[in-house]
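Notes for the one structure printed next.
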Amino acid sequence: MIKILFIEDDKTCAYTTQGGLELLDIYDVEVAHNGKEGLELFDRFQPDVLVTDIEMPEMDGYELVRQVRIKDKSVVIIMASGRTMPKDVLKGYELGVDDYIKKPFVAEELHAHIQAILKRMSSKYNKDVADAYDFLYIGNYKFNFREETLELRMQKQKLTTREADILKMLYENKNTIVAREKILIDLWESADFFHSRSLDVFIAKLRKHLAYDPSIQIVTIKGKGIILKTEGVL
């Protein structure tokens, strides 16, 4: 069973969604009605997926995500909200959100989002790939894509799942332009405005992670795509 923590202050929405997910018979769903309660339940329940609203009493969704990411870098986080302004969506991604679903939605739609993320994660841990190698070298960095970490001079940086996915795709096409649309469709299954802007946020974060090796550059080519430029042999 996949454990989901759903945090939503609208009790009707919360229980309708919980019931719809549980009918699929693959989810164990716990519900909280504010950010503070959600954070406490997160520690006890230890979910695989966290779905949270933004506007809630006690603690809003942004602060909840910030605190959860301090505790856990790998849990899947989906932010659910009726807010459609780019700044609101991007703020969530900057804090470590993996996906965004717009309200109103039905349980089947949330199920599709969750399964898309988990499918990408499971493919990354494909046994054939795992048996071949656990890590890659990008310049002076050791990139462990199974553990989603970057290591340089014994200093290890934990990546989010989305950061690791993007970096692995760029690595596999190193020194070659990768079209934005390919990244968006392969990783988000959508090339809409919000996902395109969120890609820019993740690229900026990866540049910071890789900033200590000048032989590595992630360059955005306007109108074409993104390229991981490297010097020497990886």
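Remember, it's a predicted structure, so these values are computed and weren't measured experimentally.
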Will you find, in the side chains of [X] and [Y], an N or O donor that is under 3.5 Å from an N or O acceptor?
| X | Y | result |
| --- | --- | --- |
| Tyr141 | His209 | no |
| Thr230 | Asn175 | yes |
| Thr17 | Glu8 | no |
| Asp72 | Ser74 | yes |

Side-chain contact, heavy-atom cut-off 4.5 Å: [X] with [Y]?
| X | Y | result |
| --- | --- | --- |
| Tyr27 | His111 | yes |
| Asp99 | Ile117 | yes |
| Leu159 | Phe143 | yes |
| Val31 | Lys11 | no |
| Ile226 | Ile221 | no |
| Val75 | Val49 | no |

Using 0.5 Å steps for rounding, measure from the [atom1] atom of [X] to the [atom2] atom of [Y].
| X | Y | atom1 | atom2 | result |
| --- | --- | --- | --- | --- |
| Leu110 | Gln115 | CG | CD | 10.0 Å |
| Arg162 | Leu199 | CZ | CG | 9.5 Å |
| Leu170 | Leu206 | CG | CG | 7.5 Å |
| Arg180 | Ile185 | CZ | CD1 | 12.0 Å |
| Leu95 | Ile77 | CG | CD1 | 9.0 Å |

* Asked: How are the rings of Trp188 and Phe202 set relative to one another: parallel (under 30°), tilted (30 to 60°) or perpendicular (over 60°)?
  -> tilted
* Are there more than 12 heavy atoms of other residues, nucleotides or ligands under 6.0 Å from atom NZ of Lys205? -> yes
So is [X] actually on top of [Y]'s ring, under 6.0 Å and inside 45° of the axis?
| X | Y | result |
| --- | --- | --- |
| Lys3 | Phe45 | yes |
| Lys174 | Tyr171 | yes |
| Lys91 | Tyr62 | yes |

* To do: Return yes if some donor-acceptor pair links the side-chain N/O of Thr16 with the main-chain N/O of Thr12 below 3.5 Å, else return no.
  =>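 Yes, the answer is positive, given that a donor and an acceptor are paired below the 3.5 Å cut-off.
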* Let me see the working for Met59 and Gln67 under side-chain contact (heavy atoms from CB on, under 4.5 Å), right down to the final yes or no. => CA-CA 11 Å; Met59 179 189 296; Gln67 293 199 34; 3.6 Å; yes
* To do: Among Asp98, Val97, Leu41, Ile7, find the residue that satisfies the side-chain contact (heavy atoms from CB on, under 4.5 Å) test when tested with Leu50.
  => Ile7
* Hey, any chance Met79 and Val106 share a hydrophobic cluster, counting ILVMFWY side chains that come within less than 4.5 Å of each other, even indirectly? -> no
